[in-house]
Each structure stands twice: as C-alpha cells, then as structure tokens.
Amino acid sequence: MSIVSLFLVCLMLPFASQAAAPKFADVTESSGLSFRHVNGAAGEKFVIETVGAGAGFFDFDGDGMLDIYLINGAATPGMSYDTPPRNALYRNARGAGFVDVTELSGVGDEGYGMGMAVGDYDNDGDLDLYLGNFGANVLYRNEGNGAFSDVTESSGVGDERWATSCAFSDVDRDGFVDLYVANYHDFSYNNHRVCAEGGSGLQLYCGPEAFDGVPDILYKNGGDGTFVDVTLQVGLHSDAGKELGVVFGDVDLDGDTDLYLANDKTLNFLYLNDGRGQFEEMGLLAGTAYNEDGDVEAGMGVDMGDYDNDRYPDLFVTNFQWETNTLYKNLGDGTFVDETFLAGLGKGSIPYLSWGTRFFDYDSDGDRDVFIANGHLESDVESYENATFAQRNQLFENVGDGRFEECEPLSANDGLAVRKVSRGAAFGDYDEDGDIDILVANVDDSPTLMRNDTEAGHHWLRVRLLGKRSNGAGIDTRVEVHTGSLVQTDQVRSGSSYLSQSDLRLHFGLGASERVDKLVVYWPSGHVEEVVDVAVNRTLVLVEGGEE
C-alpha cells in the first residue's frame, strides 16, 4: 500500500490566512502495524461490541521513541476465533517502522479490552500500563528490561465491572500516582436486551437508559505496590453517572488536580479537589453539567486544554450525532460557559457521532487546534436515518480570538476523508520530527496512523518531566511557557481523550519565536521552578530540583 498524503484545505478567517495547511500521511500499513481490531459481533447486539476500543503512545523501553499499544476485543457468546484476539504492543524501530513485541513483552491481554492509561506507579523510572476491560481489569508492571509482569492480583486493582476510560493522577500529592477507573453501566451477558428502531423495526444496540449506572473507582496508591479503593471516603462514590471519558487537571489553578467526567445521557461531573485528596462535585454550579440549553448529552470523549491562552484550562466533550460537541470556556472564577457555537465548533459537529479528541497544536503556531474521531454505533443506521456507520474524522484549526474553522479534505483520497468507525485517539510525535502525529483506533478494522507532515516552518519545544518529590513520570505537573507577551500552559495527563493514552511529554508550538523567555514548572509536590532563555526545537528534560 502506498503512503497516502493528507492535504487539507483550511477555511481560514482573513487574519489567519497565512497559516500552514495541514498535511498528514496515512502510514499505517507501511509502518508495520498489522493489527486488526475485532469486536466479537455475531448479530446479538451486545452493547460492548460498539463502544471500544482505545490506543496509546508511550515509550515503554525508555529509548526516547514512542511505541504503540493497541487494544482488542474478544469473542462474545455465539462467536469464536481460531486464534484468541489479544492486545498488541509495537516497538518503535527508529525509522524502520514498528515491530510487534507483544509476545516478548507479555502484555497481550486476551480480555475484552476498552481503555488504557500509563504512569509510573512504583516510581522506578519506567512506565506501567493499566487496562480497563469488560471483565477483569489488568495492571502490568514494567520491569525495565522490555518485559512486563501482570501484578493485578497482588496490587488489588482487578475490578470486574465494565470499565471504560482510566487515568493515573496523584490526587493527594503524596508522590505516588493513584488510579481512577470509570465504569459505564451494569450491562452483562445475563441482563442483555435488544432495542428496536421504531420506524424500521430493526434490532439495535440499547442506549445507556436501558441499564443502571454503577460507581467508578478511585484506588489510592499505598506506595508499596498495592492500591486501596477509597472512592467513598474521598467523595467520589456515585451511581448516577455512566462514565465514558475521564480527564484530570487543575481547573482552578490552586495546585491540586481536579477531575472531569463525561457521562452518557446524564449530567457530566466536575469534582474539585480540596488539596488533601477530598472531592466535591460542582458541575451544576460551575456550568459544566449540561450544555447551554440545559440538556444532558451523550458524553463520550473529553479533553482539557487552554485553547485561548488565558492560562485557565478549558473543557471539550464529544457527543452523539445530532448533538453538538461541547466546548466549555473556563472563566477563571470557578465557572464555565458553553462557547461551542461562538467558537465555531457547533454546526460542523452535528452530523457526526464523536469519540476521541484532543486540544493540540498541529502546526506549532502557538495555539491549540482540535481533532475529533468519529463513527456511528449502528451498522444499520443508513437504512433508517440520514447518517452513515463509517464516518470521517475532523480537524478544526484554531484561527485566533477563540474561534475555530474546520479543515476540509481536498479530495476523496485524502487521509482525513477516509471513512472508518473510529473510537479512541492518541497523540504524540512518534517520528521525533517536532510535530504531533495521530493514532486512531477503529472498530473491527485496522487502526489509522497519521504522520504529521505539515510544512509550517514554526519552532517548538517539547518538555519531559521527571519527578523526585513528585511522582516519577511527572503526571499532573503544570508548565507555563513564556514567549514575549504569549503565555501557553499545559499539564501532564494520564488517560483523557477516549479510552486512550497520549505522549506524556508536553509539546508547545512557538511560531516564529527563536527562544523561550521563561519556562515555569509547577510540580505536584508544590515545588515551583523557573528556567530562562531556553533554546527551541528540542526536547527539554527537567528533573524536579534541577535540569538534566
């Protein structure tokens, strides 16, 4: 298969007409990714078949190159496979594509997979892997020699409910990352039901209204390799939600990490951290529970990022077809406002059913754009509705002044025009050329690896954080980058998007700036450091207490 270059024509506002046109290449096959997701569908309409799966970029072997992890489904009752489906780990071979090292690494879980997150839970200097499954979840400890050990049982994190997204975060700032696991609802093979489409009489997947919600789990890291369920004690216990998306971040800039949850057809939750690891749900008061019309939406994926460069992180939630995705602007006073239509993200999202997403600066011009992975739930949707099962994904260019314009494909052969049933999306610079590439997981199909070949000519800085008093991977660390009057901020996050894990290193686009005036690092421990006059177009490694 030849590489298909992705050339996009962005409809720019006049003052942004000089922005570089996006240019990506679909390099999935040529890069050696032979993986194919299966969902076990045999006509029974088990709802798990259409919800997953995720994917991730992370450097499992510490060689400085991003590797790829892909999550698979499994057989359902009535379906069988000659070879049991399993997850796959691909090592980045530094310019020679990716090599399947699943067998050698020991992370080929055969459970019905959904989401993933990485973090250094034991602070030994390498990244560990957690999997949220339909069935028992799995924790793999990275042994630092290219192999992982399944420590699920000894660590106490193998809950068997239907987990979706998950994330590591040091919620009590004790130097060890804790683990949050989102649970969708109480579907099982025993309480399976099928719903009918009224007009056609077709059998469809039942929506979340047909099932009861179940509580999520926050596991406190004991620092000795074990975790304890503290969900109730810290104020996070609720069976009112049906969680699909999870993101941690400091929404009020008070130094601790807060939690936002995207719920399916019920109000979204915003939990504020009191600084001691205790949470209070403030979504209604903050304005992030409903959309601007006061309606609940089918929350799927979620991200947190400062799209307008005012230092306060904003929220973006992907939703169902015929709803808009929702952008919540952080006003900096504890409240948010739905800016979806004013920002230009409303109308273009209505025809799509959306999942994985991220604020990221694709052209390194100093503001954050938005990518959205799309695909319907129902393979039969075209027979009863003006919609399609496979859908193209979307890229929205940040054109300044808080507004976005959608980048339309130039032709039917462009990568962004390719139609698949997409779910999870992960982001990272896998080829180390200074821009962000995209990995998309697709239902019952091969993934899509999109190499960013945009010719913007802009400068950039990548920051890798290594904690000492803080957790080893620097998760929750917030960084400000000052170039002239522009201040950009971002935070190291585990999880987010939808069921997926992006590179833990932070990427800052610098436009024409040839130096960074000042970089300020707010570590989870409370320690604050500054680095001045920083050279660009490189990866800066910062160790808490000194530069490496």
Going through the checks in order, is the side-chain hydrogen bond (donor to acceptor under 3.5 Å, both in side chains) test met by Tyr430 and Asn92?
CA-CA 8 Å; Tyr430 82 87; Asn92 190 329; over 6 Å; no
Side chains of Ser354 and Asn374, donor plus acceptor under 3.5 Å:
yes
Are the side chains of Asp361 and His458 in touch, meaning some heavy atoms are under 4.5 Å apart?
no
Check: His459/Asn537 side-chain N/O donor and acceptor closer than 3.5 Å
yes
Could you walk me through whether Tyr180 and Asp216 satisfy the side-chain hydrogen bond (donor to acceptor under 3.5 Å, both in side chains) test, starting with their C-alpha distance in whole Å, then the side-chain angles of each, then the deciding distance to 0.1 Å, before giving a yes or no?
CA-CA 8 Å; Tyr180 193 89; Asp216 297 344; 2.7 Å; yes
Minimum side-chain heavy-atom gap Leu395-Asn393 below 4.5 Å:
no
Scan side-chain atoms only and decide if Thr326 and Asn319 contain a donor-acceptor pair under the 3.5 Å cut-off.
yes
Within a strict 4.5 Å, meaning less than it, do heavy atoms of the Arg423 and Val440 side chains meet?
no
May I ask you to check if Arg368 and Phe359 form a cation-pi contact, with NZ or CZ under 6.0 angstrom from the six-membered ring centre and within 45° of the axis?
no
Is it true that a side-chain atom of Glu529 and a backbone atom of Gly545 form a donor plus acceptor pair closer than 3.5 Å?
yes
Main chain of Phe336, side chain of Asn330: is a donor-acceptor contact present, judged purely on distance under 3.5 Å?
no
Validation row: Leu465, Trp523 side chains within 4.5 angstrom (heavy atoms)
yes
How many angstroms lie between CZ in Arg91 and CG in Leu66, if you round to the nearest 0.5 Å?
14.0 Å
Are the ring centres of Tyr307 and Phe404 closer than 6.0 Å?
yes
On a heavy-atom basis, which atom in Ile475 and which in Phe168 lie closest, and how many Å separate them?
CG2-O, 3.5 Å
Is Asn123 reaching over with its side chain to a backbone N or O of Gly472, donor-acceptor style, under 3.5 angstrom?
yes
Correct closest heavy-atom pair for Phe98 and Leu449 would be CE1-CD2, 3.9 Å
Is the shortest side-chain N to carboxylate O distance from Arg403 to Glu339 below 4.0 Å?
no
Using the rule salt bridge (Lys or Arg N to Asp or Glu O under 4.0 Å), only one of Arg94, Arg505, Arg451 pairs with Glu432; which is it?
Arg505
Apply side-chain hydrogen bond (donor to acceptor under 3.5 Å, both in side chains) to residues Ser525 and Glu544 and explain how you reach the verdict.
CA-CA 10 Å; Ser525 65; Glu544 189 174 11; 2.6 Å; yes
Should Asp517 and Arg515 count as an ion pair when the cut-off is N to O under 4.0 Å?
no
Gln233, CD atom: more than 12 neighbouring heavy atoms under 6.0 Å
yes
Checking Arg358 side chain against Gly305 main chain: does a donor-acceptor pair fall under 3.5 Å?
no
To the nearest 0.5 Å, what is the distance between OH on Tyr130 and CZ on Arg141?
16.0 Å
What is the minimum heavy-atom distance between Ala117 and Cys166, and which atoms define it?
CB-O, 3.4 Å
Just checking, is any N or O donor in the side chain of Asn442 or Ser422 under 3.5 Å from an acceptor N or O on the other one?
yes
Donor-acceptor contact present, side-chain Asn268 to main-chain Ala262, <3.5 Å
no
Determine whether the side chains of Ser169 and Asp476 contain a donor N or O and an acceptor N or O closer than 3.5 Å.
yes
Would you mind reporting whether Ile68 and Leu33 have side-chain heavy atoms less than 4.5 Å apart?
yes
Quick one: does Leu70's side chain get under 4.5 Å of Leu439's, heavy atoms only?
yes
Min side-chain heavy-atom separation Leu236-Leu259 under 4.5 Å
yes
Determine the minimum heavy-atom distance between Pro215 and Asn183, stating which atoms define it.
O-ND2, 2.8 Å
Single hit among Leu540, Val516, Asp490, Leu519 for side-chain contact (heavy atoms from CB on, under 4.5 Å) with Phe508
Asp490
Asn309 and Asp367: side chain donor to acceptor below 3.5 Å
no
Give a yes or no answer on whether the side chain of Thr152 reaches the backbone of Gly158 with a donor-acceptor pair at less than 3.5 Å.
no
Is it the case that the side chain of Glu243 and the backbone of Tyr184 share a donor-acceptor pair, with hydrogens and angles ignored and the cut-off at 3.5 Å?
no
Does a side chain donor of either Asp67 or Tyr90 reach within less than 3.5 Å of an acceptor in the other side chain?
no
Can you tell me how far the CG atom of Leu499 sits from the CE atom of Met114, to the nearest 0.5 Å?
7.5 Å
Out of curiosity, Asp120 CG to Ser494 OG, how far, rounded to the nearest 0.5 Å?
11.5 Å
With under 30° as parallel and over 60° as perpendicular, where do the rings of Phe227 and Tyr219 fit, or are they tilted in between?
perpendicular
Distance-minimising heavy-atom pair for Ala93 and Val99
CB-CG2, 4.1 Å
Where do Ala535 and Leu461 come nearest, in terms of heavy atoms and distance?
O-CD1, 3.7 Å
Please check: side-chain N/O of Tyr498 versus main-chain N/O of Gly115, any donor-acceptor pairing under 3.5 Å?
no
Examine the side chains of His507 and Ser364 and answer whether a donor and an acceptor come within less than 3.5 Å of each other.
yes
For Asn87 and Tyr69, test the side chains for any donor-to-acceptor distance below 3.5 angstrom and give the result as yes or no.
yes
From the list Asp503, Asp128, Leu89, side-chain contact (heavy atoms from CB on, under 4.5 Å) partner of Phe58 resolves to Leu89
Thr257 side, atom OG1; Asp170 side, atom CG - distance, nearest 0.5 Å
9.0 Å
Could you go through the side chain to side chain contact (heavy atoms under 4.5 Å, CB included) check for Thr288 and Tyr260 one step at a time?
CA-CA 9 Å; Thr288 61; Tyr260 188 71; 3.5 Å; yes
Salt bridge Lys220-Asp172, side-chain N to carboxylate O under 4.0 Å
yes
Just verifying a value: how many Å separate Leu504 CG and Asp59 CG, rounded to the nearest 0.5 Å?
10.0 Å
Look at the side chain of Asp369 and the backbone N and O of Tyr362, then say whether any donor-acceptor pair between them is shorter than 3.5 Å.
yes
Verdict with supporting geometry, Phe371 and Phe427, ring pair (Phe, Tyr, Trp, His ring centres under 6.0 Å):
CA-CA 10 Å; Phe371 178 87; Phe427 302 78; 5.8 Å; yes
Measure from the side-chain N and O atoms of Asp308 to the backbone N and O of Gly402, and report whether any donor-acceptor pair falls under 3.5 Å.
no
Other residues, nucleotides, ligands: >12 heavy atoms within 6.0 Å of Glu143 CD:
yes
Under 4.0 Å between a Lys/Arg side-chain N and an Asp/Glu carboxylate O for Arg462 and Asp429?
yes
Kindly indicate whether the side chain of Leu261, heavy atoms from C-beta on, has any atom under 4.5 Å from the side chain of Tyr271.
yes
